[in-house]
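What you see is a predicted model; the values in this text were computed from it and never measured. Numbering starts at 1 and runs along the sequence shown.
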Amino acid sequence: MDGFVAAMDDMLASFYRNMLRLEKQEIMKSRQPSLTISEVHLILCIGDSRGEGRTVTALARLLNITVSSATIAVNKLGQKGYVKKVKGSADGRIVRVYLTEQGKSVDTYHRICRRDMIKEISRGFTPEERKIAVKVINRLNEYFVKNVDDTF
């Protein structure tokens, strides 16, 4: 491997490991140690709906998990008090999942953590460095989106 490839390989592997460690650390700090990283991701996906809620099918698609796995996860979060399911008024067969106040608290906490992390990372960046950072991360994300097999 040439120097660039080796350095990028090391950095991406380290980035992934450290991101997982940081997520675990933030869960412990949030005083919600009963939550797993996957459950926090599910809460954040529901929070992304901006109060509109999401169907279990939509959550499964967003998280790239099966509908049955999403159903089990939603039911667990419901038992823990983080989400609630509401049947549609027009069509009772459609069930949307919403955050409870406890779920909204977790969502807000983790969004603030991410915002603060980005501010800390980018402190001292010039406007040009900010553009380059966004471009590089966007290119990484485009690669993953293009190469992820949705049937996996």
Side-chain angles (χ1 to χ4, degrees), residues 1-67 69-74 76-78 80-86 96-152:
M1 265 194 259
D2 68 30
F4 173 78
V5 172
M8 287 297 290
D9 183 56
D10 287 345
M11 282 187 286
L12 285 173
S14 178
F15 175 84
Y16 179 74
R17 284 190 306 271
N18 287 321
M19 188 69 158
L20 288 175
R21 288 175 55 211
L22 183 60
E23 282 186 310
K24 288 178 187 174
Q25 178 181 308
E26 291 305 324
I27 288 170
M28 296 306 288
K29 275 189 196 174
S30 73
R31 296 190 178 94
Q32 303 297 336
S34 67
L35 290 173
T36 66
I37 290 172
S38 296
E39 289 172 330
V40 170
H41 290 175
L42 183 66
I43 288 169
L44 292 170
C45 279
I46 298 166
D48 284 343
S49 74
R50 311 234 190 276
E52 300 287 319
R54 295 214 194 256
T55 64
V56 173
T57 302
L59 290 168
R61 194 175 329 110
L62 285 166
L63 294 168
N64 198 32
I65 59 176
T66 65
V67 174
S69 293
T71 300
I72 291 167
V74 164
K76 274 187 175 178
L77 284 174
K80 292 179 180 183
Y82 294 100
V83 301
K84 63 183 175 190
K85 296 191 280 187
V86 178
R96 298 187 78 73
V97 182
Y98 296 88
L99 296 177
T100 62
E101 288 306 313
Q102 188 177 357
K104 288 176 186 176
S105 176
V106 170
D107 180 66
T108 299
Y109 176 83
H110 287 276
R111 289 179 194 284
I112 290 169
C113 287
R114 284 195 299 200
R115 184 198 63 211
D116 291 348
M117 177 186 68
I118 292 164
K119 285 181 177 179
E120 178 66 27
I121 290 168
S122 62
R123 183 172 293 147
F125 278 14
T126 65
E128 183 62 26
E129 289 170 328
R130 287 174 185 253
K131 287 179 188 174
I132 291 168
V134 168
K135 185 175 181 178
V136 168
I137 292 171
N138 188 52
R139 181 141 331 142
L140 284 168
N141 191 53
E142 286 173 352
Y143 172 83
F144 292 126
V145 168
K146 177 181 158 191
N147 289 285
V148 168
D149 181 357
D150 286 333
T151 62
F152 180 64

### Task
Of all the heavy-atom pairs spanning V56 and A70, show the shortest one and how long it is.
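Answer, listing the atom of V56 first, then A70: CG1-CB, 3.7 Å.
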
### Query
Between G81 and T100, what is the shortest heavy-atom contact and its length?
O-OG1, 2.5 Å

### Query
Quick check: are there more than 12 heavy atoms from other residues, nucleotides or ligands sitting under 6.0 Å from CZ of F125?
yes

### Query
Considering residues at least two apart in sequence or located in another chain, which fulfil the salt bridge (charged side-chain N to carboxylate O under 4.0 Å, His left out) criterion with K104?
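Result, salt bridge (charged side-chain N to carboxylate O under 4.0 Å, His left out) vs K104: E101.
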
### Task
Quick one: list whatever passes salt bridge (charged side-chain N to carboxylate O under 4.0 Å, His left out) with K29, sequence neighbours left out.
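With neighbours one apart ignored, the set is E26.
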
[X]: partners by side chain to side chain donor-acceptor pair (under 3.5 Å), with sequence neighbours left out:
| X | result |
| --- | --- |
| S69 | T66 |
| N18 | S14, R21 |
| K85 | N75 |
| K80 | E39 |

With sequence neighbours left out, write down each residue that passes side chain to side chain contact (heavy atoms under 4.5 Å, CB included) with [X], or none if nothing qualifies.
| X | answer |
| --- | --- |
| M8 | F4, M11 |
| M117 | M19, L22, I121 |
| A73 | L42 |
| T55 | T57, A58, I94, R96 |

Out of curiosity, [X] [atom1] to [Y] [atom2], how far, rounded to the nearest 0.5 Å?
| X | Y | atom1 | atom2 | value |
| --- | --- | --- | --- | --- |
| I27 | Q25 | CD1 | CD | 11.0 Å |
| Y109 | L44 | OH | CG | 12.5 Å |
| F144 | L140 | CZ | CG | 6.0 Å |
| I112 | D107 | CD1 | CG | 9.5 Å |
| L63 | S38 | CG | OG | 8.0 Å |

### Query
Would a 4.5 Å heavy-atom cut-off, applied to side chains only, mark Y82 and I46 as touching?
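No, too far: nothing below the 4.5 Å cut-off.
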
### Query
So, do H110 and L35 sit near enough that their side-chain heavy atoms are less than 4.5 Å apart?
no

### Query
Do V97 and L77 pass the side-chain contact (heavy atoms from CB on, under 4.5 Å) test, and can you show the C-alpha distance, the side-chain angles, and the key distance before you say yes or no?
CA-CA 10 Å; V97 182; L77 284 174; over 6 Å; no

### Summary of salt bridge (Lys or Arg N to Asp or Glu O under 4.0 Å) pairs that have at least one residue in residues 121-140, sequence neighbours excluded
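Checked against salt bridge (Lys or Arg N to Asp or Glu O under 4.0 Å) - neighbours excluded - the pairs reaching residues 121-140 are E120-R123.
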
### Task
Enumerate the residue pairs fulfilling salt bridge (Lys or Arg N to Asp or Glu O under 4.0 Å) with a member in residues 46-55, sequence neighbours excluded, ordered by first and then second residue.
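Listed by first then second residue: D48-R111.
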
### Task
Spell out, as yes or no, whether a donor-acceptor pair under 3.5 Å connects the side chain of N147 to the backbone of Y143.
yes

### Task
Mind running side-chain contact (heavy atoms from CB on, under 4.5 Å) on T36 and K76 for me, showing each step along the way?
CA-CA 11 Å; T36 66; K76 274 187 175 178; over 6 Å; no

